[in-house]
*Asks:* 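Okay, handing you the structure first.
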Amino acid sequence: MRLSMLKNTPTPKTTNTGMEIGTSTRIASRNTRTRIVSAAGVRNTATMTTRTLLTANTRVTLTKKNTERTRLRRRSLPHIKKEPFDTHSFAPKVVHEDAIKKAPVKRPKDDSDDEPFSSKLEMMKKVKLEKPHEKPLEKKAKKRKAEDDKKPRIKEEPTDKKKKKKEEPEQKWKWWEEERYTDGIKWKVLEHKGPVFAPAYEPLPDNVRFYYDGKVRKLSKSAEEVATFFGKMLDHEYTTKDVFRKNFFKEWRKEMSHEERSVMTNLSKCNFNEINEYFKTKSEERKNMSKEEKLKIRQENESIVKTYGFCLMDGHREKIGNFKIEPPGLFRGRGDHPKQGMLKRRVRPEDVIINCSKGSNIPQPPTGHRWKEIRHDNKVTWLCSWTENIQGQVKYIMLNATSRIKGEKDWQKYEMARNLKGVVDKIRSQYREDWKSKEMRIRQRAVALYFIDKLALRAGNEKEEGETADTVGCCSLRVEHIKLHPELDGQEFMVEFDFLGKDSIRYYNKVSVEKRVFKNLQLFMENKQSGDDLFDRLNTAILNKHLQELMDGLTAKVFRTYNASVTLQQQLKELTNPDDNLAAKILSYNRANRAVAILCNHQRAAPKTFEKSMANLQTKIDAKREQVLLTRREVKSAKADYKVRRDEKFRKIVENKRKTLERLEEQLMKLEVQATDKEENKQIALGTSKLNYLDPRISVAWCKKWIVPMEKVYNKTQRDKFAWAIDMADDDYEF
DNA sequence: ACCCAGACTTAGGAGGTGGAAT
DNA sequence: ATTCCACCTCCTAAGTCTGGGT
């Protein structure tokens, strides 16, 4: 049937931006194996996209001649003062009409500026109650709400299979129907129980021994704890890496007693095997616990979540995202991280700052301890913070994605991207103009923006050398990261990108660009060494400053959101066939999702069991196919019988056989779709784009339009996170 | 004018879990 | 009942961007 068609669907052609793209190939060096995967999906292109993916279990290190690196990581560039919006607006503030219509309601910024704080609060309260300036969106929402109110409220919670009896009885708060704070205040009341600390160190039992140079050695408590961090990781590749071992050993020695330090001078002489075994056994034991024990542990966890996992914010009980403080351990930086293996110190209450509202119940520190500080800052969203010792970064405890505070922000993000939709054509024609500018900095800015727009590259902030892995984004690209080919694979003006991006994920792509871009790149690279910055007159601050002038609130990352969402919408439009059955529709959805993941370079390591489970699936398919064939023959013969003996009994038999065949064929088709989907998805991570880049209202609308159950597209967590969109978007929603 | 800390979003992997397959 | 595997949740690193201080 249509399966063969599905399997080889040529890449959809789309032309929303009117830009051409060549072959896009990405390589993530992983294992030693190379596979070729063709995936459905590209955007902005009339060419077929073929992807080549090499996988690996580890992140890649591009060979780089550090010695050649002449560039200065920190440049001082002329700073352009930030102008208030309007004065330089490139795009007259024609915000897309649709966007205005649907934009979240915002109170004018300064409408109560001279009010004293307290009366502002009063007003805010009133606003929340009265909703004075209602906009279309709100009306719509309100209307829906009114309808809802007629129905019994309980219907909200589709009794999630009787298994989980204690589903939250409280009805969900529709924060999206309320007014928002606009003056930088994030909350008025905040109360919580503080963080949960990592469990104290439990010394090893005496039968678990550590050996140095072949001899048993009892370690001091602090040295032992750090040794267990390493011992636990023995099976991990990290422990074989030089940098990791070197950093670890250096830090471990600091925790050793004087004597230990003088004796243990060589990590290679340390034997952690028994420690490693011990933890393996322990986790095995945990797995083999009886039902009762497991239940008990679960209940304990649940009770912790109940007290520490929620906070009270502005009268609503909200879920906290990460209420546990990170336990001590060895730092696992990604890629070629210079600090990998360093000791991540245990966080004590004395390191923790508590943020809550004045007059609320301040969380109790563990007995015998005190907090570093109690703060009442309602201009920020975090509840607790501490400074981590590896990079000196502040870490936070914040709310879950389902919370009002995160949800509003998320919604706002998509509205910003929709605003961009209204001005993107103008921005595009401007940067094309700028390719011809007399000024180098403007040309660089324009070419960089072109890459960000066309290839969905990240902005690329500067990073401090030696502190982190060497990764880049658009503005921080170096000459060594691109190759220019006047002609390649039969196409003109090809640029070959090869660099490590965020998380040291390799970005490899060959793109045909416009001639002007190509010429500009040649110019930018003139007289430069491979380690020099490609855009030496540009950084993210300059770029974002420029974008700010083109559209209020516009920054580089908005392009990623915009292009991702637009691509999804378009691909869904193109790939969805109304006559398809449910499975095929979902495949189309996944393919649309996949096109975005490819665009954004969201990769994953191929699952360890991939080959095997693929083979299993194939076996099933073969068996099913066999069955189909068999049944087909049976139908035939039954028909023949009926022809000869025209009686009711035989007619029934034919009927039954035919039904069986139909069922089997459908099952087969389902399996085949599944296999296709799986194969195409081998090294592509769909989750990241789904969670962070795709306007959920597009997916919601698609589900509603094609009567696809929402659960097929969003799991429970995702449905919770996108509750606002599910409630809000109708089947005709347009991004 | 510039730097940097701080705040918040985005990211992939580890490991747990629960339901399907045997 | 046991095993297997897919999916989900948790975890925390690594980005982006803002804004305050000097």
Side-chain angles (χ1 to χ4, degrees), chain A residues 28 57-59 74-82 161 163 184 186 233 235-236 283 286-287 294 298 301 321-327 329 331-335 337 339-340 344 353 355 377 379-382 385 387-388 390-396 398-401 405-406 409-410 413 458-464 467-469 471-476 500-505 539-541 543-545 547-548 553-558 560-561 564 600-605 607-610 612-614 616-617 620 674 678 681 683 685-689 691-693 715-718:
Chain A
N57 292 323
T58 51
R59 272 154 235 272
R74 305 220 205 148
R75 286 151 298 179
S76 36
L77 284 151
H79 182 86
I80 310 146
K81 190 179 168 275
K82 198 168 177 175
K161 287 174 204 168
K163 290 218 167 165
K186 304 291 169 64
M233 291 178 71
D235 298 324
H236 203 289
S283 90
R286 225 175 306 123
K287 261 186 236 157
K294 277 185 181 166
R298 177 174 323 165
N301 284 340
N322 58 325
F323 56 88
K324 287 182 181 159
I325 286 195
E326 298 171 17
F331 177 72
R332 296 150 95 116
R334 309 199 181 141
H337 198 116
K339 299 197 169 186
Q340 63 190 103
K344 211 169 86 163
I353 303 173
N355 193 30
D377 182 356
K379 296 258 200 297
V380 296
T381 67
W382 53 267
S385 75
T387 302
E388 151 269 347
I390 305 283
Q391 327 240 34
Q393 291 177 86
V394 188
K395 299 263 189 168
Y396 304 93
M398 290 183 182
L399 295 192
N400 183 268
I405 219 154
K406 294 288 183 191
K409 204 71 187 300
D410 205 39
K413 171 182 78 187
R458 295 188 184 82
N461 284 310
E462 293 111 295
K463 307 169 70 184
E464 213 169 328
E467 293 293 299
T468 58
T471 62
V472 297
C474 185
C475 294
S476 50
L500 299 183
K502 181 176 180 180
D503 292 321
S504 292
I505 296 290
N539 63 25
T540 54
L543 181 66
N544 281 334
K545 169 72 186 38
L547 293 176
Q548 192 60 231
L554 186 61
T555 59
K557 85 186 187 79
V558 178
R560 254 168 100 80
T561 313
C600 295
N601 201 35
H602 291 142
Q603 299 189 29
R604 63 164 184 179
K608 286 184 201 88
T609 54
F610 185 86
K612 209 173 98 192
S613 72
M614 201 67 208
N616 282 348
L617 192 53
K620 268 201 226 163
Q674 204 186 328
K678 195 178 172 133
N681 228 26
Q683 286 154 287
L686 299 185
T688 306
S689 49
L691 228 51
N692 299 301
Y693 289 103
N715 67 32
K716 179 81 169 75
T717 324
Q718 293 162 341

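A note on names: the letters A, B, ... follow the listed sequences, proteins ahead of strands, and every chain is numbered from 1.
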*Asks:* From the list dC8(B), dG15(C), dA14(C), which nucleotide is the closest neighbour of the side chain of Thr471(A)?
*Replies:* dG15(C)
*Asks:* For residues Lys463(A) and Thr471(A), is any side-chain donor paired with an opposing acceptor at under 3.5 Å?
*Replies:* yes
*Asks:* On DNA chain C, does the nearest nucleotide to Lys557(A) precede the nearest nucleotide to Glu388(A) from the 5' side, or the other way round? Give the residue.
*Replies:* Glu388(A)
*Asks:* What does Lys186(A) touch in the nucleic acid at a heavy-atom separation under 4.0 angstrom: a base, only the sugar-phosphate, or nothing?
*Replies:* sugar-phosphate
*Asks:* OP1 or OP2 of dG12(B) less than 4.0 angstrom from a side-chain nitrogen or oxygen of Thr688(A), does that happen here?
*Replies:* yes
*Asks:* Can you tell me if Arg286(A) touches the phosphate of dG16(B), counting only side-chain N or O atoms and a distance under 4.0 Å to OP1 or OP2?
*Replies:* yes
*Asks:* In whole Å, I'd like the distance from the CD atom of Glu326(A) to the C1' atom of dA14(B).
*Replies:* 15 Å
*Asks:* At 4.0 Å (heavy atoms only), tell me whether Tyr693(A) reaches a base, stays on the sugar-phosphate, or touches nothing.
*Replies:* sugar-phosphate
*Asks:* Go nucleotide by nucleotide along DNA chain B from the 5' end; which of Ala685(A) and Lys379(A) gets its closest nucleotide reached first?
*Replies:* Lys379(A)
*Asks:* Could you check whether Lys678(A) gets within reach of a base, just the sugar-phosphate, or nothing at all, counting any heavy atom under 4.0 Å?
*Replies:* sugar-phosphate
*Asks:* Closest-nucleotide mapping onto DNA chain C: is Ile325(A) or Thr555(A) further toward the 5' terminus? I mean the 5' end.
*Replies:* Ile325(A)
*Asks:* Classify the nucleic acid contact of Gly460(A) as base, sugar-phosphate or nothing, counting any heavy atom under 4.0 Å across all strands shown.
*Replies:* sugar-phosphate
*Asks:* Please work out if Ser283(A) contacts a base, only the sugar-phosphate, or nothing of the nucleic acid, heavy-atom cut-off 4.0 Å.
*Replies:* nothing
*Asks:* Does a side-chain N or O of Gln391(A) approach OP1 or OP2 of dA14(C) to a distance below 4.0 Å, or not?
*Replies:* yes
*Asks:* Check every strand shown and say whether Asn544(A) touches a base, only sugar-phosphate, or nothing at a heavy-atom separation below 4.0 Å.
*Replies:* sugar-phosphate
*Asks:* Which part of the nucleic acid, if any, lies within contact of Gly473(A), taking any heavy atom under 4.0 Å across all strands shown: a base, the sugar-phosphate backbone alone, or nothing?
*Replies:* nothing
*Asks:* If you look at every strand shown and take non-hydrogen atoms under 4.0 Å, does Thr381(A) touch a base, only sugar-phosphate, or nothing?
*Replies:* sugar-phosphate
*Asks:* Rounded to the Å, how far apart are Gln718(A) CD and dC8(C) P?
*Replies:* 7 Å
*Asks:* Please tell me which of the listed nucleotides, dA14(C), dC8(B), dT10(B), lies nearest to the side chain of Asn692(A)?
*Replies:* dT10(B)
*Asks:* NA contact type, Ala469(A), heavy-atom cut-off 4.0 Å: base, sugar-phosphate, or nothing?
*Replies:* nothing
*Asks:* So which one's nearest nucleotide on DNA chain B is more toward 5', Lys287(A) or Trp382(A)?
*Replies:* Trp382(A)
*Asks:* Would you kindly give the NZ-to-C1' distance between Lys463(A) and dC17(C), to the nearest whole Å?
*Replies:* 16 Å
*Asks:* What's the closest nucleotide to the side chain of Lys406(A) if the choices are dT10(B), dC17(C), dC8(B)?
*Replies:* dC8(B)
*Asks:* Counting only side-chain heavy atoms from C-beta out, which of dC8(C), dG12(B), dT18(C) sits nearest to Asn715(A)?
*Replies:* dC8(C)
*Asks:* As a test of reading the structure: which of dG13(B), dT10(B), dT16(C) is closest to the side chain of Asn461(A), going by heavy atoms?
*Replies:* dT16(C)
*Asks:* Any side-chain N or O of Lys344(A) less than 4.0 Å from the OP1 or OP2 oxygen of dA13(C)?
*Replies:* yes
